[in-house]
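To start, the structure itself, in structure tokens.
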Amino acid sequence: MISDFGSRGSRIWVRRIAVLVLTATIAGCAAKTNSLPPGTADADKFLFDRGTESAKDKKWLDAREYFRNIVDNYPQSPFRPDAKLALGDTYISQGGTENLLLAANEFREFLTFYPTHARADYAQLQLARSFMLQMLAPERDQSATRDAIKEIEIFLQRFPNSQLMPEARKMERQARDRLSEANYRVGFFYYRIKWYTGAIDRFKDVLKIDPAYTNRDALYYYLAESIYLMAKQTNQTASEALPYYERLVKEFEKSEYLEAAQKRITELKNPS
């Protein structure tokens, strides 16, 4: 039986991957999970319990078959929403890019069909997590990072009273730090090749977009240094650099840049 959980609102390429994978899996394993012991009472509960046991044992394919059976064949079951979430969780737990895309698809579908469910906040956060786990190193493409931030922002807006809020805030900081670090490194590259105008613009953008960036001590320092060195090149005053050196000293009790920043502050306040 085909599930009424179509891929409405999901990306076509995700749906195609999901259909191919699920079709292949069902073809190979359906006989096991569709054949319930004779006289089984509460078949949906039986399937859910078996799926949960399989997931605990990291038997991901078996677990998905049990949960998929509930989703596809028991539309009125009280276990159906949890089975849908459990499907997404198995993909996240197994990991890998393809599984994370499938996880995102499951959680999106849950939110489409159960937008007011008591566990909608969990589905939204897991959707964000599916992108968090795809984030690449700062020097690489940050599309997944931006997707993660987008989904976390939706969570923050829709579920301000959720018990999952502390976890969501932690995830938000991690994702924003990754994106800010990527932009900071571009600015630092400009600094190293002495294109100070480009460095200044990039560093200021990071501060504007993410003023709570965790590694902003380095950002303050190299922004100030870029302003300072560009001023020296053009024989102009470097006073605009002073506030950034001072912010570094004020906001960070410990930083590898403190000593150098303090020297610059003394120099700028007491020009010879």
Drop me the distance from M132's CE to T145's OG1, to the nearest 0.5 angstrom.
-> 8.5 Å

To the nearest 0.5 Å, what is the distance between OG1 (T52) and CG (D89)?
-> 10.5 Å

Between S162 and D121: side-chain donor-acceptor atoms closer than 3.5 Å = yes

For the pair T90 (side chain) and L87 (backbone), establish whether a donor and an acceptor sit closer than 3.5 Å, ignoring hydrogens and angles.
-> yes

Take Y74 and F79 through the ring-ring contact (aromatic ring centres under 6.0 Å, His included) test and state the conclusion after the steps.
-> CA-CA 9 Å; Y74 297 85; F79 295 97; 9.8 Å; no

Considering all heavy atoms of both residues, which atom of I70 and which atom of R80 are nearest to each other, and what is their separation?
-> CG2-CA, 3.9 Å

Heavy-atom side-chain proximity of R68 to K84 below 4.5 angstrom | yes

Is it true that I92 and L85 fall in one hydrophobic cluster, defined by side-chain heavy atoms closer than 4.5 Å?
-> yes

Do side-chain atoms of D57 reach the backbone of K59 as a donor and acceptor pair under 3.5 angstrom?
-> no

Given side chains that start at C-beta, do those of F188 and Y222 come closer than 4.5 Å, heavy atoms only?
-> yes

Regarding Q124 and R129, is there a side-chain donor-to-acceptor distance under 3.5 Å anywhere?
-> no

Distance in Å, E172 CD paired with E167 CD, rounded so as to fall on 0.5 Å steps = 13.0 Å

Hey, is the main chain of G95 close enough, under 3.5 Å, to the side chain of N99 for a donor-acceptor pair?
-> yes

Minimum heavy-atom distance F203-S226, with the two atoms named | CE1-OG, 3.9 Å

Any chance you could lay out the side-chain contact (heavy atoms from CB on, under 4.5 Å) test for E151 and F131, step after step, and finish with the verdict?
-> CA-CA 9 Å; E151 298 302 337; F131 291 111; 4.0 Å; yes

Just how far is it from atom NZ of K263 to atom CG of L258, taken to the nearest 0.5 Å?
-> 12.5 Å

Side chains of Q233 and Y196: is there a donor and an acceptor less than 3.5 Å apart?
-> no

Apply side-chain contact (heavy atoms from CB on, under 4.5 Å) to the pair R64 and Y91, showing each step before the final yes or no.
-> CA-CA 9 Å; R64 284 196 279 272; Y91 287 122; 3.3 Å; yes

So do the side chains of H117 and F110 get within less than 4.5 Å of each other, counting heavy atoms only?
-> yes

Is there side-chain contact between L207 and Y213, with heavy atoms separated by less than 4.5 Å?
-> no

Check whether more than 12 heavy atoms from other residues, nucleotides or ligands sit under 6.0 Å from atom CZ of R119, and answer yes or no.
-> yes

Step by step, work out the side chain to side chain donor-acceptor pair (under 3.5 Å) result for Y220 and R247.
-> CA-CA 7 Å; Y220 287 149; R247 286 171 70 176; 3.3 Å; yes

Run the salt bridge (Lys or Arg N to Asp or Glu O under 4.0 Å) check on E267 and R264 step by step: do they pass?
-> CA-CA 5 Å; E267 176 188 340; R264 290 292 196 212; 3.4 Å; yes

In short, Q142 meets L179 closest at the heavy-atom pair CB-CD1, 3.8 Å

Would you call L223 and K204 a side-chain contact if the rule is heavy atoms closer than 4.5 Å?
-> yes

pair I227-I200: side-chain heavy atoms closer than 4.5 Å = yes

Below 4.5 Å, heavy atoms only, C-beta onward: do T112 and F107 meet side chain to side chain?
-> no

Are E246 and K250 within salt-bridge range, i.e. N to O under 4.0 Å?
-> no

Gap between atom NZ of K269 and atom CG of L242 - 0.5 Å precision = 6.0 Å

Can you find a heavy atom in the side chain of Y245 that is under 4.5 Å from one in the side chain of Q262?
-> no

Are I265 and F252 joined in one hydrophobic group, where the rule is that I, L, V, M, F, W and Y side chains link up if heavy atoms are under 4.5 Å apart?
-> yes

Side-chain donor or acceptor of D210 paired with backbone N/O of V206 under 3.5 Å = no

Is the backbone N or O of L248 less than 3.5 Å from a side-chain atom of D217, with the two atoms forming a donor-acceptor pair by type?
-> no

Between F67 and G51 the two heavy atoms that sit nearest each other are CZ-C, 3.3 Å

First locate atom CG of D147, then atom CE of M135, and finally report the distance between them rounded to the nearest 0.5 Å.
-> 11.5 Å

D201/Y190 under side-chain contact (heavy atoms from CB on, under 4.5 Å): CA gap, chis, key distance, verdict | CA-CA 10 Å; D201 288 344; Y190 293 154; over 6 Å; no

Y122 with L133, same ILVMFWY side-chain cluster at under 4.5 Å | yes

Verify, without hydrogens or angle tests, whether S130 (side chain) and L127 (backbone) share a donor-acceptor contact under 3.5 angstrom.
-> yes

Given the rule in the side chain to side chain donor-acceptor pair (under 3.5 Å) test, do R169 and Q174 qualify, once you have shown the distances and angles that lead to the verdict?
-> CA-CA 9 Å; R169 289 293 187 188; Q174 291 173 344; over 6 Å; no

Going by atom types only, do Y244 and E225 share a side-chain donor-acceptor pair under 3.5 Å?
-> no

A168 to I152 - nearest heavy-atom pair and separation = O-CG2, 3.9 Å

Minimum-distance pair of heavy atoms, taken over all atoms of R216 and P211 | CD-O, 3.5 Å

Should M165 and L111 be regarded as members of a common hydrophobic cluster, given that ILVMFWY residues are connected when their side-chain heavy atoms come within less than 4.5 Å of each other, either directly or indirectly?
-> yes

Any link between L156 and L164 through a network of hydrophobic side chains (Ile, Leu, Val, Met, Phe, Trp, Tyr) touching at under 4.5 Å?
-> yes

